[in-house]
Visitor: 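One structure is given below, represented as structure tokens, and several questions about it will come after.
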Amino acid sequence: SINLHSALEYDPSYKLIQLTPELLDIIRDPEHNDQLRFKSLDKDKSEVVLCSHNKTWVLKQRKHSNTVLLMKEFVPAQPISFDETQLFGLSKPYMDILGFAKTESEFETRETEGQLDLNAVPIYNGELDFYKRATKGPSARVFATLEELLENSPCSALEGISKWHKIGGSVKDGVLCILSQDFLFKALHVVLMSAMAESLDLQHLQVADTYQAVRKDTEDEFNPYTREIIRTVLNKFAVQEQSSEESTWRLRIPFIAQWYGIQALRKYASGTNMPIDEFLIKWKSLFPPFFPCDIDIDMLRGFHYKPTDKTIRYVSKSTLPMDPKERFKVLFRLQSQWDLEDIMPLIEELNTRGMKIDSFIMKYARRKRLGKKVVVTSR
Amino acid sequence: PSVKIDATQWQKLTQSQNKQTTVITPLGVTMLEIQGDLELPKDFASLAKKDSKHDGRFSEQDGQTIIRFGSLQIDGERATLFVGKKQRLLGQVTKLDLPMGIMHFNSRDNKVELVDVMKYKIIFKDRPLPIM
Amino acid sequence: QEAKIWVKYKEGFSNAVRKNVTWNSLW
């Protein structure tokens, strides 16, 4: 038998943290040391998260009503002796353990999407007095580096970097910022024009060469396109190749084409219905001359509707109702019959319960097969 | 605020150990669960003075007085727990759905250290029986 | 005088609602 002992008081600094198979693997491996960190935005209001280099878990505390004792084997300073008739048939003691902690709760770890905390990251729209405005006032809080932002965000490093690239994060005058959509699009256009003018390899772009190309084409005085801005454009609109020693980027041509398409929709098909043929020409006209890409109206799914068979009109998801029933209602008012693929990007974000998309749609609309296509109409 | 989890000590200590075969970890840690409250006296010092060789309840360990509150016997998956002089509890060794890391949050040094990983616990869910 | 040691049994087991964890609560 084992002798069980207890101290008078238990040490509350011991906690039980749930280890998913992934967490267990990381914690076991000396190669991955220093990878797991607890992080929080502040000490008393925000949630605590646990981050590896590429994943984030949120902590949840669950109290329970049982007594849980954490006990450790020890060698008694003096041999423990007592009248063994007390054992009532249990075998003689061969070991002693001491309760060193009593845990009344467990901390569960739930995988979550890491987020960047952008409260201290201003938007840069190419304005000349950006630094002054960003650092104005005693409580103006800014970051100088991406590392600082990642340290102060409830996310892992890789998640944070990926999101940073996606939102067009950059640095201007030593201040971390996000490029406005307008400025980002202008910068993209300038980069494409300059890169093509200098015959740079669009599959292997480098920051230095691209920067030089842009400088050539732009007057110094009004050139806001620093190396950092160029890098931001590449990170958003190109894929960084891992293989090369020097970092190179490969342009994401379809993604860029889509961006130009959205701009074209906003510019030419916003308050008015435009014939699709005419729209395609307008779209193509926005690209730098000879820009090597094909366009197709299907690339703009999620950003337009077809009021009639041959016309197109811009729609912004952010202006649509968040309630699924209402959203479907509005969409059917705009267009009475939708191809499944066309309506899908406009409603899938509302499927928060993770239902099969078909089942979700059938809750609010009617689904019909028309030859090879599937169409959706109101109930 | 942020702090990394330091598992280096635990990795070193468990490297050379054999794989865990019982409910006690290679580092000698056990998780004991009881469906109820474990009632112990609030004052060890004065009771320790009155402790007899027969009872042998109290001892000194690392400068603190500790109380021997029971005996545990494990037989494969079954466990028996004697508490105090009168109670006998029957329980099981169960595998945890998810392993639990015991972490020590050292507020003096602002450090977090992994103490051990628990894969099993001994749980006593049933009403205590008399010892006889 | 003996040391009173016993288990005060609880009929059931209850798990509380999961709560958010703040930094201060861990330390």
Visitor: Between A:Lys172 and A:Glu228, does at least one N-O distance fall below 4.0 Å, as a salt bridge requires?
Guide: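 A:Glu228 and A:Lys172: not salt-bridged.
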Visitor: Heavy-atom distance under 4.5 Å to chain B: side chain of A:Ile27, backbone, both or neither?
Guide: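 Its backbone and side chain both get close to chain B.
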Visitor: Students often mix this up, so state it plainly: with edges at 30° and 60°, are the rings of B:Phe58 and B:Phe44 parallel, tilted or perpendicular?
Guide: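 B:Phe58 vs B:Phe44 ring planes: perpendicular.
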Visitor: Side chain, backbone, both or neither: which part of A:Phe107 has a heavy atom under 4.5 Å from chain B?
Guide: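 It is neither, since no heavy atom gets under 4.5 Å.
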Visitor: Heavy-atom cut-off 4.5 Å, strictly under: side chain, backbone, both or neither for A:Pro93 against chain B?
Guide: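 Neither the backbone nor the side chain of A:Pro93 comes within 4.5 Å of chain B.
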Visitor: Checking the side chain of A:Ser1 only, and the main-chain atoms of B:Ser71 only, is there a donor and an acceptor separated by less than 3.5 Å?
Guide: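 Here the side-chain-to-backbone pair does not exist.
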Visitor: Is it the backbone or the side chain of A:Val75 that comes under 4.5 Å from a heavy atom of chain B, or both, or neither?
Guide: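 A:Val75 touches chain B through backbone heavy atoms alone.
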Visitor: So, B:Lys4 and A:Asp34, do they make that salt bridge, N to O below 4.0 Å?
Guide: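 Counted as a salt bridge, because a side-chain N and a carboxylate O are separated by less than 4.0 Å.
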Visitor: With a 4.5 angstrom heavy-atom cut-off, is it the side chain or the backbone of A:Glu151 that approaches chain B, or both, or neither?
Guide: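 Side chain only.
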Visitor: Between A:Asp29 and chain B, which part of the residue has a heavy atom less than 4.5 Å away: side chain, backbone, both or neither?
Guide: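 Contact with chain B is through the backbone of A:Asp29 alone.
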Visitor: Over 60° means perpendicular and under 30° means parallel, so classify the ring planes of B:Phe105 and A:Phe38, tilted if in between.
Guide: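 Plane angle between 30° and 60°, so tilted.
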Visitor: Counting only heavy atoms closer than 4.5 Å, note whether A:Glu84 contacts chain B via side chain, backbone, both or neither.
Guide: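 Interface part for A:Glu84: neither.
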Visitor: Let me know if A:Asp42 has heavy atoms under 4.5 Å from chain B in its side chain, its backbone, both or neither.
Guide: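 Just its backbone gets close to chain B.
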Visitor: When rounded to the nearest 0.5 angstrom, what distance separates CG in B:Leu27 from NZ in A:Lys72?
Guide: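 Result: 6.5 Å between the selected atoms.
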Visitor: Is a side-chain N or O of B:Arg57 found less than 3.5 angstrom from the main chain of B:Arg68, in a donor-acceptor match?
Guide: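 Such a contact is found between B:Arg57 side chain and B:Arg68 backbone.
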Visitor: Examine whether an atom of A:Leu70 lies under 4.5 Å from a heavy atom of chain B, and if so say whether it belongs to the side chain, the backbone or both; otherwise answer neither.
Guide: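 Both backbone and side chain.
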Visitor: What part of B:Val29 gets within 4.5 angstrom of chain A, counting heavy atoms only: side chain, backbone, both, or neither?
Guide: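 Its backbone and side chain both get close to chain A.
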Visitor: Are B:Lys95 and B:Glu77 close enough for a salt bridge, meaning some N to O gap below 4.0 Å?
Guide: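 Looking at B:Lys95 and B:Glu77, the cut-off is not met.
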Visitor: Tell me, for A:Leu23 versus chain B, whether the close heavy atoms (under 4.5 Å) come from the side chain, the backbone, both or neither.
Guide: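 When you check distances to chain B, no heavy atom of A:Leu23 falls under 4.5 Å.
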Visitor: At a heavy-atom separation under 4.5 Å, does A:Ile97 approach chain B through its side chain, its backbone, both, or neither?
Guide: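 Just the side chain, heavy atoms under 4.5 Å.
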